[in-house]
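Everything on this sheet refers to the single structure shown next.
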Amino acid sequence: MITNFEIVGPYLAALMMSLGALCIFIWGVFSGALIGGDDAAKRFYQMEMGDDGTSEQRPREPGTP
């Protein structure tokens with residue numbers, strides 16, 4: 001058994017958590033869970049760029065000449 005667990009313990013815990021995160025990432029890649037994750041960002045970008053018309057196309061605010 002490890003005699004200096006108060007020194008080695010945090011490193012073992014960090015190693016276990018990082019291995020768990022790696023396993024979850026690999027599962028996500030192989031199961032296809034990460035496919036299409038940026039579709040929402042692309043839709044938002046296209047909406048914002050679609051609203052960026054010229055001043056003639058934009059509706060005028062009340063009170064502007």
Side-chain angles (χ1 to χ4, degrees):
M1 185 145 190
I2 300 173
T3 58
N4 295 327
F5 187 74
E6 63 273 356
I7 296 171
V8 180
Y11 293 110
L12 288 176
L15 179 66
M16 298 280 282
M17 289 191 308
S18 62
L19 287 175
L22 180 64
C23 289
I24 291 172
F25 176 74
I26 291 172
W27 169 80
V29 169
F30 285 136
S31 70
L34 301 176
I35 294 174
D38 59 336
D39 288 341
K42 287 180 183 177
R43 283 194 308 269
F44 177 77
Y45 176 74
Q46 289 171 352
M47 278 192 327
E48 288 297 314
M49 293 310 291
D51 292 341
D52 197 24
T54 61
S55 61
E56 291 84 25
Q57 295 173 347
R58 291 185 185 168
R60 296 185 181 224
E61 295 179 9
T64 58

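Side chains are part of it too, since the values below use all heavy atoms of this structure and drop only hydrogens, waters and symmetry mates.
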Please list all pairs passing the salt bridge (charged side-chain N to carboxylate O under 4.0 Å, His left out) test where one or both residues lie in residues 6-33, with sequence neighbours left out.
->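 Passing the test, one end in residues 6-33: no pairs.
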Could you list all the salt bridge (charged side-chain N to carboxylate O under 4.0 Å, His left out) pairs where at least one residue sits in residues 13-38, not counting sequence neighbours?
-> D38-K42
Transitive ILVMFWY cluster of L19 at side-chain heavy atoms under 4.5 Å: who else is in it?
->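 Result for L19 is L15.
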Sole residue of L22, I24, V29 in side-chain contact (heavy atoms from CB on, under 4.5 Å) with I26 | L22
